[in-house]
Amino acid sequence: MASEGLAGALAAVLGGRGLRVQSCDSGPAGEPAAPVRLRKNVCYVVLALFLNEQDEVLLVQEAKKECRGSWYLPAGRMEPGETIVEALQREVKEEAGLHCEPLTLLSVEERGPSWIRFVFLARPTGGILKTTKEADAESLQAGWYPRTSLPTPLRAHDILHLVELAAQYCQQARHPLILPQELPCSLICQRLVATFTSVQTVWVLVGTGGTPHLPITACGFTPMEQRGGIKMAVLRLLQECLTLHHLAVETKGLLGLQHMGKDQTDGICLNVLVTVAFRNPGIQNEPPKVRGENYFWWKVMEEDLQSQLLHRLQESSVIPINR
């Protein structure tokens, strides 16, 4: 891929559109890259946040025995064969009685590659709010409650920071509207937009295997990679080509999300923005030296792409990834 092809790929990823995953540049040592399967070796959870014009939040009352009567945001596990959006819409209909459409992904939460939760800001498009007369195994009822005065008890307090994140986004959007792209993937992997900046210049790490491309690292299921979370796959790839002990590496957040869900393609690709910097910058104006021939630093010359990258970096204009 010439620089024009790289520029097109970078533009697509920055625009949240994604790219088909052809192969991975890095994978866990000694572990075969087995396809992921929902309900077998991975669990994806969807969660919906609704905020109306009265600054009220949509909550559902739990029916499950272990948390019966407590309140939570509409949420649940994805089923095999579903897209992420289909799972979100099913859970909201089952638990709250409403039809909905997602507006944007708000955050991604992970406990290692085997458990990932996708948090969406959404809006209702129809249906009838579930009342106690429609109570079933999914929920007892649903209701709108003031954001600053939620009902108790809550099933868990982990939703409080998500409610505030949604309120902040509605007040001032930190990142563009981003929804999952339906592109097949058999693994859980990350496509890296790994950047090094100097003054107003940006370099992006490129993989050379086949056609030059934005590198992809597969997430593993070894105990170490589970404990370290998905950032371990990023560090693994960078360790293969850079000397990291004098570098600071940070995953800034998500630029986009890819998943198909049909035809047994349960894998996901997270397109992530990563920064690489010297711990002691000094007068370093060039990116760190790359070892081997599998990667190189591409200097982004296109003014529009350079401007977009700098904006996303400086304003943290990405979807947060939390552990």
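Quick caveat, the model's predicted, so the values are computed rather than measured.
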Before you tell me yes or no, could you show the steps for K130 and E138 under salt bridge (Lys or Arg N to Asp or Glu O under 4.0 Å), namely the whole-Å CA-CA distance, both residues' side-chain angles and the distance that decides it to 0.1 Å?
CA-CA 11 Å; K130 192 174 197 175; E138 299 295 336; over 6 Å; no
Let me confirm one number: the CG-CG distance from D266 to L187, rounded to the nearest 0.5 Å.
11.5 Å
Parallel, tilted or perpendicular, as decided by the 30° and 60° cut-offs, for the rings of Y145 and W71
perpendicular
Stepwise side chain to side chain contact (heavy atoms under 4.5 Å, CB included) check, N322 with V108:
CA-CA 6 Å; N322 300 311; V108 170; over 6 Å; no
About how many Å separate CZ of R155 and CZ of R68, when rounded to the nearest 0.5 Å?
14.5 Å
V193 vs N271 side-chain heavy atoms within contact, under 4.5 Å
no
Answer yes or no: are there more than 12 heavy-atom neighbours, outside I128 itself, under 6.0 Å from its atom CD1?
no
Tell me whether E293 at atom CD has more than 12 heavy atoms from other residues, nucleotides or ligands lying less than 6.0 Å away.
no
Rounded to the nearest 0.5 Å, the OG1 atom of T148 sits from the CD atom of E56 at a distance of 10.0 Å
So F118 and Y44, would you call those rings parallel, tilted or perpendicular, with 30° and 60° as cut-offs?
perpendicular
One thing to verify: whether E62 and K64 come together as a salt bridge, which I'm taking to mean a side-chain N less than 4.0 angstrom from a carboxylate O.
yes
Shortest non-hydrogen separation from P180 to V85 and the atoms involved
CD-CG2, 4.2 Å
Using side-chain heavy atoms (C-beta onward) and a distance below 4.5 Å, is V272 in contact with I230?
no
Stepwise side chain to side chain contact (heavy atoms under 4.5 Å, CB included) check, R312 with L273
CA-CA 9 Å; R312 304 297 283 271; L273 182 61; 4.0 Å; yes
Please give me the minimum heavy-atom distance between V92 and L98, naming the atom from each residue.
CG1-O, 3.5 Å
Chi angles and distances behind the salt bridge (Lys or Arg N to Asp or Glu O under 4.0 Å) call for R147, E164:
CA-CA 8 Å; R147 178 172 60 86; E164 291 312 304; 2.9 Å; yes
Any ion pair linking E110 and R117 (charged N to carboxylate O, less than 4.0 Å)?
no
Rounded to the nearest 0.5 angstrom, the CD-CD1 distance for E182 and I84 is 9.0 Å
Is the number of heavy atoms from other residues, nucleotides or ligands within 6.0 Å of CD (Q171) greater than 12?
no
Which heavy atom in L242 sits nearest to a heavy atom in K289, and how many Å separate them?
CD2-O, 3.5 Å
Side-chain touch L309/W203, heavy atoms, less than 4.5 angstrom
no
Student check: side-chain heavy atoms of L257 and I178 closer than 4.5 Å
no
Got P215 and L237 here, is their nearest side-chain heavy-atom distance under 4.5 Å?
yes
Got a sec, which residues hit side-chain hydrogen bond (donor to acceptor under 3.5 Å, both in side chains) with E250, two or more places apart in sequence or on another chain?
none
Path from L179 to V46 over hydrophobic side-chain contacts below 4.5 Å
yes
Within the supplied structure, the quantity of interest is the number of heavy atoms (other residues, nucleotides, ligands) at a distance under 6.0 Å from R39 CZ; does it exceed 12?
yes
Counting only heavy atoms from other residues, nucleotides and ligands, does the tally under 6.0 Å from CG of D136 exceed 12?
yes
Interatomic distance, CG@L106 vs NE2@H175, rounded to 0.5 Å, equals 5.5 Å
Stepwise, does the side chain to side chain contact (heavy atoms under 4.5 Å, CB included) test hold for S139 with Q61?
CA-CA 6 Å; S139 67; Q61 193 172 34; 6.0 Å; no
Could you check whether the rings of W144 and F50 sit parallel, tilted or perpendicular, using 30° and 60° as the cut-offs?
perpendicular
Flag if over 12 foreign heavy atoms under 6.0 Å of CZ, R323
yes
Smallest heavy-atom separation, W297 atom then A194 atom, equals CZ3-O, 3.5 Å
Answer yes if L177 and L255 sit in the same cluster of Ile, Leu, Val, Met, Phe, Trp and Tyr residues linked by side chain heavy atoms under 4.5 Å apart, and no otherwise.
no
Work out which heavy atom in A12 is nearest to a heavy atom in L19; give both atom names and the distance.
CB-CD2, 4.0 Å
Kindly compute the distance separating CG (N52) from CG (L58), expressed to the nearest 0.5 Å.
9.0 Å
Residues, nucleotides or ligands: over 12 heavy atoms within 6.0 Å of K262 NZ
yes
Over all heavy atoms of both residues, which pair between A233 and T217 is shortest? Give the atoms and the distance, please.
O-OG1, 2.8 Å
Salt bridge present between E91 and R77 (N-O < 4.0 angstrom):
no
Using the rule given for side chain to side chain contact (heavy atoms under 4.5 Å, CB included), can you reason through S107 versus L162, listing the C-alpha separation, both sets of side-chain angles and the distance that settles it, and then say yes or no?
CA-CA 8 Å; S107 81; L162 297 176; 3.8 Å; yes
Whether over 12 other heavy atoms sit under 6.0 Å from E303 CD:
no
